[in-house]
2 protein chains.
Amino acid sequence: MMQRRKARLVDVAKDAGVSPATVSRAMARPELLSVETLQRVHQSARRLGYRPDGMARALASGRTMTVGAIVPTLDSTIFALVLQAMQSTLTREGYQLLVASHEMNPAAETEAIRTLLARGVDGLMLVGADRAKEAAALLRTSGVPVVLTWCGNAEFAAVTVDNERAGELAAQHLIDLGHRHIGMVVGHLPFNDRQSGRLAGARRALRRAGLELPDGLVSQQGLTLAGGRSGCAALLDLATRPTAIIGGIDLFAIGCIQEAQSRGVIVPEGLSVVGVDNIDMSAHMIPPLTTVHIPTSQIGQTAAMTIIAQITGEVTRQHVDLPIELVVRRSAAALTGPLQKHHGSSTRP
Amino acid sequence: MMQRRKARLVDVAKDAGVSPATVSRAMARPELLSVETLQRVHQSARRLGYRPDGMARALASGRTMTVGAIVPTLDSTIFALVLQAMQSTLTREGYQLLVASHEMNPAAETEAIRTLLARGVDGLMLVGADRAKEAAALLRTSGVPVVLTWCGNAEFAAVTVDNERAGELAAQHLIDLGHRHIGMVVGHLPFNDRQSGRLAGARRALRRAGLELPDGLVSQQGLTLAGGRSGCAALLDLATRPTAIIGGIDLFAIGCIQEAQSRGVIVPEGLSVVGVDNIDMSAHMIPPLTTVHIPTSQIGQTAAMTIIAQITGEVTRQHVDLPIELVVRRSAAALTGPLQKHHGSSTRP
DNA sequence: TGTTGGGATGAAAGCGCTTTCATCCAGCGT
DNA sequence: ACGCTGGATGAAAGCGCTTTCATCCCAACA
């Protein structure tokens, strides 16, 4: 009882006694058909188990109903969350999400852009505005709607967050608590305008307070928990150790807390820690992490909506800047005295 | 100086003075052409800035160079890691990754399968073997290579891990440490054969030791940190509280540690905790989490390779079972005495 | 020197759908 | 009663590429 091949549009048309055009319309713009015809077509389609062929449809219409997203890495709460939000928003609108990652490698990102463009996507989401010249050229000439996230530029639509301000908020909080000697653990700066921005913001706040954040107090690390720990370790091993550390991402801040605790340094009494992101884990740390909340899911959702708006031609090059805010919890405290009573004892249990 | 449209295959052919067929071959099977022709074509292609159109190619060849992956949720270290591994393996072979998630909803999964199949994927990766009948039928009739992960069945290729054994290892470790009263926090069991398996395994180990794991000591929770905490809270609030808890995933176990600590219960002295997964965070907890290591990245990588092998026809319905092992760290300790000296004091700082 | 085999290329038929454009017809206004 | 309008449908031309199949040519062989 099995038809020899997959049912095609013409098969349905034949079965329903109408033209292929009519079947096509029945699928895509049912309001153009009379109710009876529509019913007849649907009935035939169901009987034959017809499923439209996406590739043929894409070729003929020029639309793939697919949006691409290229993120630095999938293995990150942050990007996973954004992708999740994008995915559900897109699905609701009938789009699919094609993902690629570049592992912080500009050339790989360019390559990914090239493939996704060739493959045919109706829109493209990218992280940050800092990329290879060639990549930007590709995007420009492709004519495909693009949305940048976290950081943007004037050329494309963007859903941003003020990364400098995030760094500033974190630093200012520490300054307000009386800290004068502050360190920071950040991701590798080249090709990462989010981290660069946060560092710049922290520096700005410090400078305004008559303080500074010398390179010696900034540790660049890979974006992992281990990175946070080793960054913290480096800072704590300094001759004059900082009384507070800012994590460029929450993961770093969490790593800092863990490293400090495993050395017997009490947080926040012996070391204040502030992060940026406000990931799920942060609220559950002991002590709970004071951090700057970045509306990650909302970035994803807004990016998806922006892309769709561009695809459907409703709007172009829209810029949305999402608000951020300091979330005060208990990992940062006021300096108790002019001097600290801790000596860098490395008492790992 | 801009050509009015995108260069097409025929444009290159015309420019190079060859037939379209030759250009097509130059792109896909260069070994069929003479060196001179090849060069001429490449030169023209470069000059015109020719980029093959993926959709047209897909339609004509029946191959999309795209593999779909449908996971329960993107917002999970585990699945993000698997996707990451798949993505990099696939990219290396020239494939793209199309992702979808279903938020633990069987109907949504079926729908996702339907769309990805319609959209045209050369292969499909799914999590677990437990799904709607209709979904299985779709897969069967589509003829698209499928690979199941974590849990498998006889019908499709699979890259699995022995979830029952994982639960067993966790429970046995606790039993060996002298625990007799063990609780477990698991994910919602329906439509989740990974969690069901782990629970069943734990029960098996306990039964073998003459113990049991009554439903009252099993707390079902959403797969989040908060779920772990509230599961732990529920268990600790029991009249006869367990001396040890197994987390169906590491995130639960971590939540348990945090909940215990915030209640002033010391881990492992006051409560032993064991997880399953071995995520990055686990090793950095204080105390570091004892857990059953699941080779997550390897699952992704192997799944990708299995899919590709099936697509290229090298092999079919291959089953790979990846080894797991207990990683003993410091969150579980021997019961110090026949009775415990802790009273459920809820001293949140 | 006549075959012959095979490597290189071209011709042309699609792949399955979308989308103008044209056609047809009913009902409407005058 | 007549032209007109607009809604419903059909005809047909692609969308840009792949892939058989046929053709051509030349080296190699006898």
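Chain letters run A, B, ... following the sequence lines, proteins first and then strands; every chain starts at 1. Just so it is clear, the structure is predicted and the values come from calculations on it, not from any experiment.
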Any base atoms under 4.0 Å from [X], or only sugar-phosphate, or nothing? Heavy atoms, all strands.
X: A:L33; result: sugar-phosphate
X: B:S61; result: sugar-phosphate
X: B:R29; result: nothing
X: B:L9; result: base
X: A:V18; result: sugar-phosphate

Terminal axes of the helix from C:dT1-D:dA30 to C:dT30-D:dA1 (five pairs each): angle between them, nearest 10 degrees: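 End axes: 40° apart.
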Any side-chain donor near an acceptor of the partner, A:S101 and B:Q87, under 3.5 Å: yes
Between B:S88 and B:T91, a side-chain donor and acceptor under 3.5 Å: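 There is no such pair (donor and acceptor under 3.5 Å, judged by atom type) between the side chains of B:S88 and B:T91.
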How many whole angstroms separate atom [atom1] of [X] from atom [atom2] of [N]?
X: B:D53; N: C:dC15; atom1: CG; atom2: P; value: 18 Å
X: A:D11; N: C:dC15; atom1: CG; atom2: P; value: 11 Å
X: A:K6; N: C:dC17; atom1: NZ; atom2: C1'; value: 14 Å
X: B:K14; N: C:dG10; atom1: NZ; atom2: P; value: 14 Å
X: A:L32; N: C:dT19; atom1: CG; atom2: C1'; value: 11 Å
X: B:L59; N: C:dG14; atom1: CG; atom2: C1'; value: 9 Å
X: B:E31; N: C:dA8; atom1: CD; atom2: P; value: 10 Å

All salt bridge (charged side-chain N to carboxylate O under 4.0 Å, His left out) counterparts of [X], not counting sequence neighbours:
X: A:E103; result: none
X: B:R63; result: none
X: A:R29; result: A:E31

Donor-acceptor pair, side chain of B:D11 and main chain of B:R8, under 3.5 angstrom: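 Yes, B:D11 side chain to B:R8 backbone: donor-acceptor pair under 3.5 Å.
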Under 3.5 Å: donor-acceptor pair, side chain of A:D193, backbone of A:S196: no
A:M305 CE: over 12 foreign heavy atoms closer than 6.0 Å: no
Pull out every protein N or O sitting under 3.5 Å from an N or O of nucleotides 21-26 of chain D, one pair per line with the distance.
none

Student check: side-chain heavy atoms of B:N192 and B:L223 closer than 4.5 Å: yes
Residues in contact with DNA chain C, drawn from residues 34-45 of chain B - heavy-atom cutoff 4.0 Å: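 Under 4.0 Å from DNA chain C: B:S34, B:T37.
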Out of [options], whichever nucleotide has its closest atom nearest the side chain of [X]:
X: B:S24; options: C:dG16, D:dT18, C:dA11; answer: D:dT18
X: A:R8; options: C:dG16, C:dA11, D:dC17; answer: C:dG16
X: A:A21; options: D:dC17, C:dT19, C:dG10; answer: C:dT19
X: B:R57; options: D:dG16, C:dT9, D:dT18; answer: D:dT18

Upstream residue (5' side of DNA chain C) when B:A60 and A:A28 are each assigned their closest nucleotide: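 In this pair, the answer is B:A60.
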